[in-house]
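Order of appearance sets the numbers: ligands from 1, and atoms from 1 within every ligand. Throughout, residue positions are numbered sequentially from 1 according to the sequence presented.
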Amino acid sequence: MTILKSLLASAAILVPVVAMAEGETVGFSQIGSESGWRAAETTVTKQQAEERGITLKFADAQQKQENQIKAIRGFVAQGVDAILLAPVVATGWEDVLEEAKDADIPVILLDRNIDAPEDLYMTAVTSDQVHEGMVAGNWLKEAVAGEECPIVELQGTTGSSPAISRKKGFEEAIADAPNLKITRSQTGDFTRAQGKVVMESFLKSEGGANICALYAHNDDMAVGAIQAIKEAGLKPGEDIKIVSIDSVPDIHLAMKAGEANATVELTPNMAGPAFDVLEAYWKDGTMPPKWIQTESKLYTSDDDNAAIYESKKDLGY
Ligand code: AHR
């Protein structure tokens, strides 16, 4: 053994067995940039990684599951230390997650759930999406106070966990209110553009006078719909009540203007708890619970929406 080799060998004894976060590499398979909320989640994840000295490999899947699967396979081939996955849809992940598991790479789900055995991922950092729908439904039930209220619904991306669960929660909340009925429901794919197009078709088929409220699975679709309602000569927030989810800055502007009524907040900081978990795991092998739940807070037009807008507007939305 050369002197150098023997020096390295003795130094290795002093290096802790489990690596620390500094210098670790994490792959992040992001869905895309369909909403303001999604943009903020990407910004926060990059900031969190930088602050912790973690190298982040970022892959934007442009809303396609096949791109996410390719990205995960790429991360496995590169031998990253962990993978963050924001899964566009709930099904079809088993094979690729088995590959990550076989390579001993922990996977953490961000903001959406999947239908797969729990041993295929380390934990999921998400809100309770059924609860979000219930909060929205309960708000509307109270707001209409027993009056007849036909509702139109803009669903999120078909097959995604928030679209499935937010619909379920809302329906459960209004199930005991015969005055509340969903008359039309269609996907707007979580985008402003589709929210506007689909709302236009609701207004055309139902007639504005026959729509009392809009429930949108995210704020961006609600913002698009607000535009459609205004173009139809109606007053959003008054003629048609609007409740949605995310709490992006633009919906607070709309609430300040009286054009939207309520939103349920979803934090874009999913990466903070995910990196905390990974750091604990890398330090001493600590395993987290299978679900790390983020908060869901209701904001309405009674809140100081100008102040909330100011506090959020520079956060990457
Ligand atoms: O999974 C979270 C949802 O995805 C957000 O509510 C929506 O804006 C995004 O596209």
Where on [X] is there a heavy atom closer than 4.0 Å to ligand 1, on the side chain, on the backbone, on both, or on neither?
X    : value
R166 : side chain
L266 : side chain
D246 : side chain

May I ask you to list the atoms of ligand 1 that are less than 4.0 angstrom from any heavy atom of [X]?
X    : answer
S35  : 7 (C), 8 (O), 9 (C), 10 (O)
E34  : 4 (O), 9 (C), 10 (O)
P162 : 1 (O)
D111 : 1 (O), 2 (C)
R112 : 1 (O), 3 (C), 4 (O), 9 (C), 10 (O)

Is there a donor-acceptor pair closer than 3.5 Å between any side-chain N or O of D303 and the backbone N or O of T300?
yes
Could you tell me whether the side chain of Q48 and the main chain of A271 form a donor-acceptor pair under 3.5 Å?
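No; judged by distance alone, with no hydrogens or angles, the pair does not exist.
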Is any side-chain heavy atom of F202 closer than 4.5 Å to a side-chain heavy atom of L154?
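In contact.
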When you measure from the heavy atoms of M270 to every atom of ligand 1, does any distance fall below 4.0 Å?
no
For salt bridge (Lys or Arg N to Asp or Glu O under 4.0 Å), just list the numbers for K283 and E279, CA-CA rounded to whole Å, side-chain angles, deciding distance to a tenth of an Å, and then say yes or no.
CA-CA 6 Å; K283 188 166 167 247; E279 285 172 344; over 6 Å; no
Specify the closest pair of heavy atoms between G32 and R38, including all atoms of both residues, with the distance to one decimal.
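Here G32 and R38 meet closest at O-CG, 3.1 Å.
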Looking at G272 and N269, what are the two nearest heavy atoms and their distance?
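Result for this residue pair: N-OD1, 2.8 Å.
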Quick check on E50: does its CD atom have over 12 non-hydrogen neighbours (other residues, nucleotides or ligands) under 6.0 Å away?
no
